[in-house]
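Note sheet for the following structure.
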Amino acid sequence: MALKPEEVTSIIKKELEKYQARLRVESIGTVIQVGDAIARIYGLDDVMVGEIVQFSEKVMGMVLNLEEDSVGVVIFGTDNPDKDIKEGDIVKRTGKIVQVPVGEALVGRVVNALGRPIDGKGAVKAEKYRPIESRAPNVVERQPVKESLETGIKAIDSMTPIGRGQRELIIGDRQTGKTAIVIDTIINQKNKDVYCIYVAIGQKLSSIVTVSKILEKYGAMDYTTIVSASSRASASLQYLAPYSGCAIAEEVMYSGKDVLIIYDDLTKHAQAYRQLSLLLRRPPGREAYPGDIFYLHSRLLERAAKLNDKLGGGSLTAIPIIETQAGDITSYIPTNVISITDGQIYLENDLFYAGVKPAINVGLSVSRVGGKAQIKAMMQVASKLRLDLAQYRELAVFTQFGTDLDKSTQMQLTRGAIMVEILKQEQYNPLPVSKQVMIIYAGTKGFLDDMPLPAIKKLESEFVKYIDKNYQAIDKEINEKKELSDELTKKMDNAIISFKKEFQGQIKT
């Protein structure tokens with residue numbers, strides 16, 4: 001059968017009409033230099049700051065520098081970027097800002113700075129992702145801090161209280177008990193509907209494993225996520241870790257719940273950012289830190305807030321940690337973070353070595369907004385405590401010279417020594433606020449002035465057991481009413497007197 005030309009052309013026309021052109025445009029660049037986990041790329045003219053770019057199937061990077069003729073990228077996902085990436089390699093845009101998985105799938109997990117699990121418990125099955133950088137709530141979206149976040153530590157809850165939505169800095173030299181305070185605070189949130197996130201930056205891997213095991217032992221991992229960027233992790237992951245933790249926390253806050261996030265510690269975070277900035281050839285400033293080092297921490301910590309009721313009334317409480325050198329709180333990074341936060345808890349070497357734990361320096365520690373969230377009962381018993389302790393410390397130094405003392409000064413020294421002993425606390429033993437109120441009341445009202453100092457520690461533990469056994473009604477009333485009436489103080493007086501008689505009998509026997 002002979003083919004007719006007109007039939008062939010009509011079939012071709014029909015097929016051409018059906019054809020739809022699929023044009024895919026990709027923005028690509030070329031690696032012109034690579035080294036120290038930093039790559040310089042030519043050709044990505046329309047890339048965004050913070051955008052993820054793809055080197056290969058496994059290797060990704062984040063854009064940090066936008067220059068006139070090149071782009072500076074920090075590399076993720078490889079231990080040896082100098083070997084895995086070469087000059088001339090093609091780099092593709094993804095159009096995505098760095099995101100991390102968020103939601104309930106992360107509860108009880110240990111993840112890295114990109115939200116990938118490192119606890120050997122399988123993949124994180126998250127349904128939602130959130131960008132690590134986001135806008136902090138504005139003034140209209142916030143409400144004043146009005147609810148207490150109890151740490152379970154007497155010295156903090158009485159003198160430097162923390163409110164939900166506050167940013168309270170913990171500052172001190174290494175090995176003064178900074179991490180111990182935050183671990184106790186996490187343990188104390190059990191059954192209080194506060195979700196916790198612990199961000200470990202630049203710490204030894206063994207230390208992070210220890211924290212994880214302690215939290216698991218006390219049942220705290222049931223409401224906690226650990227974001228780990230250990231000292232083995234690259235500077236880029238140490239830089240990202242607190243922002244990733246904050247994104248996970250914000251998801252909880254915007255769902256109307258309360259969340260506590262701990263950054264341990266921001267000194268190492270600043271050092272990791274300094275390393276990246278110098279490798280990206282940004283001009284160094286004071287102590288070789290880049291000019292935007294203040295903005296690095298302010299944009300992170302400003303995301304902590306107590307949201308208004310229209311947005312669900314959730315809160316994000318931030319406890320950053322700063323490590324000082326030889327107690328110097330006037331150096332660059334400590335002063336920056338002190339100016340951003342709503343108060344600081346200063347831990348002192350001398351107190352720590354003298355056996356005062358937690359080693360809180362009363363004179364230099366302050367909470368600028370937490371007092372408004374403190375329950376009235378605690379305010380009633382601890383209002384003069386800070387002043388009394390500060391005066392006691394001054395007197396104790398003065399009396400070292402062997403001066404003859406009048407009776408009132410001796411009384412003040414005795415009371416001060418007893419209050420210092422009362423405020424000491426063992427680790428992993430947070431105390432409910434009602435019990436704190438009762439034991440501080442007993443000390444400030446002079447009920448314990450005639451007790452021997454070595455017996456105070458035992459007295460406290462026995463007192464807690466005695467109240468639980470015989471005076472649960474007082475405990476319940478403090479928790480419900482949150483203030484001390486005349487009638488309640490009389491009941492407390494009777495309880496303390498009857499306990500004292502019983503306890504003194506135990507000491508004599």
Side-chain angles (χ1 to χ4, degrees), residues 145 147-166 168-170 172 176-198 211 214-224 258-262 264 315 317-319 321 343-345 347 356-360 362 365 367 370-371 373-379 381-382 385-386 419-443 456-457 459-465 467-468 472 474-476 478-480 482:
V145 173
E147 203 177 339
S148 177
L149 186 131
E150 289 143 13
T151 64
I153 300 165
K154 289 167 287 185
I156 294 174
D157 290 343
S158 60
M159 294 183 291
T160 53
I162 300 170
R164 295 188 184 188
Q166 188 178 345
E168 183 80 2
L169 171 66
I170 295 177
T176 50
K178 301 185 296 297
T179 303
I181 285 175
V182 295
I183 290 171
D184 280 3
T185 304
I186 292 173
I187 292 168
N188 195 53
Q189 302 317 308
K190 195 169 187 178
N191 303 322
K192 291 188 179 168
D193 204 23
V194 177
Y195 175 53
C196 302
I197 296 163
Y198 178 78
V211 169
I214 290 165
L215 294 178
E216 210 155 307
K217 181 185 172 184
Y218 289 94
M221 282 305 285
D222 296 344
Y223 51 87
T224 304
D258 296 312
V259 57
L260 167 70
I261 187 163
I262 285 129
D264 191 4
S315 72
T317 310
I319 302 183
I321 293 174
Q344 70 277 346
I345 295 164
L347 304 180
V356 179
K357 296 173 188 176
I360 296 170
V362 179
S365 300
S367 177
Q374 195 175 28
I375 69 162
K376 197 172 179 185
M378 184 61 88
M379 288 174 79
V381 299
L385 186 56
R386 176 200 289 279
M419 288 316 300
V420 167
E421 207 63 32
I422 284 173
L423 292 175
K424 288 180 186 178
Q425 199 161 335
E426 288 180 8
Q427 202 175 348
Y428 318 132
N429 187 28
L431 202 63
V433 73
S434 56
K435 304 284 195 310
Q436 292 182 38
V437 167
M438 283 190 263
I439 192 70
I440 291 169
Y441 176 83
I456 297 292
K457 200 173 184 181
L459 179 144
E460 186 187 328
S461 61
E462 292 296 322
F463 181 63
V464 169
K465 289 175 192 171
I467 293 294
D468 282 338
Q472 282 186 355
I474 296 176
D475 198 36
K476 192 179 177 185
I478 294 170
N479 284 323
E480 285 175 1
K482 300 189 188 302

Nearest heavy-atom contact between I422 and G443 is CD1-CA, 3.7 Å
Rounded distance (nearest 0.5 Å) linking atom CD1 of I187 with atom SG of C196: 10.0 Å
Going from CE on M221 to CD1 on I186, what distance comes out if it is rounded to the nearest 0.5 angstrom? 9.0 Å
Decide side-chain contact (heavy atoms from CB on, under 4.5 Å) for L459 and I439; before the verdict, give the C-alpha distance in whole Å, the side-chain angles of both, and the deciding distance to 0.1 Å. CA-CA 10 Å; L459 179 144; I439 192 70; 4.2 Å; yes
Heavy-atom side-chain proximity of I478 to V433 below 4.5 angstrom: no
Closest heavy-atom pair and its distance - R386, M159: NH2-O, 2.8 Å
Below 4.5 Å, heavy atoms only, C-beta onward: do S158 and L423 meet side chain to side chain? yes
In this structure, CG of D157 is separated from CD of Q436 (nearest 0.5 Å) by 4.5 Å
Quick one, Y195 with D258, criterion side-chain contact (heavy atoms from CB on, under 4.5 Å). Give me CA distance, side-chain angles, the key distance, then yes/no. CA-CA 6 Å; Y195 175 53; D258 296 312; over 6 Å; no
With rounding to the nearest 0.5 Å, note down the distance linking NZ in K357 to CD1 in I153. 14.0 Å
Which residues satisfy the side-chain contact (heavy atoms from CB on, under 4.5 Å) test with Q374, sequence neighbours excluded? P161, M378, M379
Just wondering, do Y223 and V194 contact through their side chains at under 4.5 Å, heavy atoms? no
Side-chain contact test, heavy atoms from C-beta onward, threshold under 4.5 Å: evaluate it for E460 versus E421 and give yes or no. no
Using atom types as modelled and distance alone, determine if a side-chain donor or acceptor of S148 lies under 3.5 Å from a backbone N or O of G163. no
Decide yes or no on side-chain contact (heavy atoms from CB on, under 4.5 Å) for I319 and I345, but give the supporting numbers first. CA-CA 10 Å; I319 302 183; I345 295 164; over 6 Å; no
Between the side chains of K435 and D468, is the shortest nitrogen-to-carboxylate-oxygen separation below 4.0 Å, so that they form an ion pair? yes
Atom pair OG (S434) and CD (E480), whose distance is rounded to the nearest 0.5 Å: 11.0 Å
Any residue meeting side-chain contact (heavy atoms from CB on, under 4.5 Å) with E147, in chain and number order, not counting sequence neighbours: R164, K306
Testing the basics here: between G165 and T317, what is the closest heavy-atom pair and its distance to 0.1 Å? N-OG1, 2.9 Å
Any idea which heavy atoms bring Q166 and V145 closest together, and the distance? N-CG2, 4.2 Å
When you compare the side chain of K190 with that of D222, does any pair of heavy atoms fall below 4.5 Å? no
Heavy-atom check, side chain of I156 versus side chain of P358, under 4.5 Å: no
Is there a side-chain contact (heavy atoms from CB on, under 4.5 Å) between K457 and E426 once you walk through the steps? CA-CA 10 Å; K457 200 173 184 181; E426 288 180 8; 3.3 Å; yes
Closer than 3.5 angstrom, by distance alone: can the side chain of Q189 be matched with the main-chain N or O of E150 as a donor-acceptor pair? yes
How many angstroms lie between atom CD of Q472 and atom CG of N479, to the nearest 0.5 angstrom? 11.0 Å
Within a strict 4.5 Å, meaning less than it, do heavy atoms of the L347 and I181 side chains meet? yes
Can any side-chain N or O of Q425 pair as donor or acceptor with the backbone N or O of K154 at less than 3.5 Å? yes
Residue pair T151, N188: steps toward the side-chain hydrogen bond (donor to acceptor under 3.5 Å, both in side chains) verdict: CA-CA 6 Å; T151 64; N188 195 53; 5.8 Å; no
Is the shortest side-chain heavy-atom distance between M419 and L385 below 4.5 Å? yes
Check this for me: K192, atom NZ, are more than 12 non-hydrogen atoms of other residues, nucleotides or ligands nearer than 6.0 Å? yes
